[in-house]
Amino acid sequence: MAETTASYKEPSALRVYAGQLRRNPMGMLGLVLVLIVVATAIFAPWLAPYDPNQIMLGPRMGAPSAEHWLGTDQLGRDLLSRVIAGGRIAMLVAVATLGAALSVGLALGLIAGYGPRWLDNILLLIFDAVRSFPVIVFGLAVVALVGPSLYTVILVVAITSIPIYARIVRTQTQALRGAEFILAERAMGASTLRILGVHVLPNVLGPLLILASMDVPMVIATEAGLSFLGMGVRPPAPSWGTILNDGYNFIRNSPWPVIAGSAPIIIVTLGFTFLGEALRDIFDPKLRRNS
Amino acid sequence: MTEAADSLLSVKNLSIDFGTPRGALHALRGVELEVPKGRIMGLVGESGCGKSTLAFSLAGLLPSNGRVAGGAILLNGEDVTKMSERELRDIRGRRVSMIFQDPMTALNPVATIGRQMLDIQYRDAGGKAEKRRRAAEMLDRVGIPDAAAQLAAYPHQFSGGMRQRVCIAMALLTKPDLLIADEPTTALDATLEVQIIELLRELQQEMGCAIVFVSHHLGTVAELCDDVTVMYAGEMVERGTVRDVFHNPAHPYTQALLECDPARIKDATRQLPTIPGTLPDLVRVPPGCIFRNRCEHAWERCATEHPPHYAASGPRHVASCHLLDKEGTA
């Protein structure tokens with residue numbers, strides 16, 4: 001019998017993933033864009049050259065200049081500072097919303113997928129009912145009830161996202177539930193919690209995180225959309241949506257505010273989509289080519 | 001029963017029903033099974049005869065529409081059918097382990113072999129390093145080269161035969177008293193089948209566990225098992241040592257089954273022998289002998305009276321057929 005060496009060392013999963021990502025140019029571009037946006041959001045108060053709400057004595061709707069890199073808006077506020085501050089709000093909404101939607105969606109999806117049939121049916125009915133409203137219309141209804149605020153936006157987007165994640169988790173869980181390795185695990189005496197935690201969750205988590213990463217732009221666009229309609233962030237607080245709306249009202253005078261409001265949305269969308277697609281390729285061990 | 005003393009598993013008069021839209025399907029009816037410690041019991045029969053149902057019920061793993069309608073499954077004297085889910089979890093993986101038909105799907109695709117082998121030892125004492133050593137040792141024992149390094153591999157990096165070896169290693173890692181093997185070689189090709197059978201036999205001799213080996217391949221059963229139970233349409237029709245059953249089959253079904261084994265056919269033929277007829281409806285089980293519509297020896301008595309287990313050639317050889325009623329007559 002051959003000697004069994006004890007030198008076995010599990011390769012750090014993180015290092016493997018990092019190596020894979022480094023070899024994917026689009027993924028790297030996405031990562032860089034995402035990191036820039038995230039860093040800007042975190043360090044917004046220190047990065048912004050002016051107070052985003054301070055009305056300058058300089059030109060209104062000024063073109064980009066040495067003092068105001070992105071120009072100024074119709075009140076003479078510095079657009080770069082407003083975009084940076086708006087990014088912070090956008091990221092806050094994205095993190096809060098996706099965090100809530102992911103955790104609740106994951107739990108409900110596992111329950112629906114692994115639990116009894118009747119519970120599954122009830123949950124599905126609720127998911128479908130929530131999903132039957134267009135997000136913006138649902139948002140307008142909620143705003144009409146509780147009034148516009150940042151928290152309303154987070155609530156609306158979280159509630160409408162939960163069914164998406166829950167459905168995905170449910171489908172994956174159901175597919176896994178019949179898998180032989182789950183049966184084998186039961187035959188080895190594992191409890192339901194153990195099966196869900198150790199075997200179902202890792203199988204479900206990959207696709208879910210990738211989906212969440214690709215959903216960040218959707219969340220940010222929804223926040224911008226609601227703010228654009230005046231149903232989200234209250235002025236004068238800067239959101240990309242309110243910047244866009246202000247610019248839209250004065251587009252005949254100057255294109256710069258619209259450009260300043262839309263460029264970050266485009267950058268965020270591209271960044272998270274590229275990163276999400278790269279992650280999708282990496283996270284699935286079955287797609288891994290060189291191992 | 002003479003072998004009650006060292007009996008590990010004793011199935012007594014077990015009946016299992018499945019709920020179907022048409023009514024209860026009586027999948028198993030009055031099945032008896034005795035597995036002494038350290039012996040290998042083969043379970044043969046055609047598809048749908050209840051072999052797998054019986055095998056799964058031994059670990060308390062019935063589908064949600066399955067129900068034990070009567071009888072008992074005694075494992076070391078404790079009745080599995082009366083255990084709570086918690087008690088069942090306690091015996092599974094410790095006293096009873098299983099190997100499955102398809103090694104391609106029996107392992108978690110997103111976790112490394114090592115992670116899965118460490119995970120199933122969660123009830124054992126010892127640190128991570130100790131468990132890892134045990135896992136590597138077991139992999140080595142089932143013949144996986146460079147076992148320690150393979151712990152970092154994912155299941156998809158192994159071939160079918162290797163995966164079945166991994167499954168066997170996992171099933172035996174917890175040193176069970178009873179290993180249930182549900183057609184473990186059906187999904188493998190013939191050369192691998194021989195290797196896996198030899199491996200199972202070696203490990204069985206080394207570890208001394210009893211095995212219930214489900215198969216529809218008569219050759220592997222003859223090769224591996226000590227005893228064999230022949231099942232037909234949810235009933236046990238014949239039981240005995242491999243030698244008795246294969247050399248002196250007493251039940252007409254066993255005889256027909258052996259005649260249909262392609263391995264026994266010597267002359268080239270275009271038509272393989274078959275047993276004419278189909279399985280009876282198990283929702284409305286007909287009275288009398290379950291095999292009588294397909295049996296060439298059937299007479300009036302078979303239509304009315306259900307045959308009990310008559311003694312056949314050897315000391316532990318029994319079969320359910322009226323032909324055996326009076327020694328050698330009829």
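Just so we're on the same page: letters track the sequence lines, and every chain starts at 1. The model shown is predicted, which means the values in this text are computed figures rather than measured ones.
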*Asks:* I'd like to know whether CZ of A:Phe133 has more than 12 heavy-atom contacts from other residues, nucleotides or ligands below 6.0 angstrom.
*Replies:*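 No, because the 6.0 Å sphere around CZ of A:Phe133 holds 12 heavy atoms or fewer from other groups.
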*Asks:* Going by side-chain contact (heavy atoms from CB on, under 4.5 Å), name the residues that satisfy it together with A:Ile111, two or more places apart in sequence or in a different chain.
*Replies:*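 Expected list: A:Leu119, A:Leu123.
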*Asks:* Please check if atom OH in B:Tyr122 has more than 12 non-hydrogen atoms from other residues, nucleotides or ligands closer than 6.0 Å.
*Replies:*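 More than 12 heavy atoms, drawn from other residues, nucleotides or ligands, come within 6.0 Å of this atom.
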*Asks:* Counting heavy-atom pairs under 4.5 Å with chain A, which one of B:Arg92, B:Met98, B:Glu85 comes out on top?
*Replies:*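 Most heavy-atom pairs within the cutoff with chain A belong to B:Arg92.
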*Asks:* Any residues in residues 180-197 of chain A near chain B, with a heavy-atom distance under 4.5 Å, and which are they?
*Replies:*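 So the qualifying residues are A:Glu180, A:Phe181, A:Leu183, A:Ala184, A:Glu185, A:Arg186, A:Ala187, A:Met188, A:Gly189, A:Ala190, A:Ser191, A:Arg194.
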*Asks:* Look at B:Asp102, B:Ile91, B:Val96, B:Asp119 and state which one has the largest set of heavy-atom pairs under 4.5 Å with chain A.
*Replies:*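 Ranked by contacts with chain A, first place is B:Asp119.
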*Asks:* With a 4.5 angstrom heavy-atom cut-off, could you sort out which part of B:Arg86 is near chain A: side chain, backbone, both or neither?
*Replies:*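 For B:Arg86, there is no contact with chain A at all, as no heavy atom is under 4.5 Å.
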*Asks:* State which residue, out of A:Asn203, A:Val200, A:Leu176, A:Val198, fulfils the side chain to side chain contact (heavy atoms under 4.5 Å, CB included) condition with B:Asn108.
*Replies:*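 Considering A:Asn203, A:Val200, A:Leu176, A:Val198, a side chain to side chain contact (heavy atoms under 4.5 Å, CB included) with B:Asn108 is found only for A:Asn203.
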*Asks:* Write out, in numerical order, the residues from residues 171-178 of chain B with a heavy atom short of 4.5 Å from a heavy atom in chain A.
*Replies:*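 The list, in residue order, reads B:Ala171, B:Thr174.
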*Asks:* Is any residue of residues 89-98 of chain A within less than 4.5 Å of chain B by heavy atoms, and which ones?
*Replies:*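 Under the 4.5 Å heavy-atom cut-off, nothing qualifies.
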*Asks:* So for atom CE, which belongs to B:Met207, do other residues, nucleotides or ligands contribute more than 12 heavy atoms lying within a distance under 6.0 Å?
*Replies:*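 Yes.
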*Asks:* Heavy-atom distances under 4.5 Å only: say whether B:Leu107 touches chain A with side chain, backbone, both or neither.
*Replies:*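 B:Leu107 touches chain A through backbone heavy atoms alone.
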*Asks:* Among B:Arg123, B:Gln116, B:Met170, single out the residue with the greatest number of heavy-atom pairs under 4.5 Å to chain A.
*Replies:*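 With the most close heavy-atom pairs to chain A, the winner is B:Arg123.
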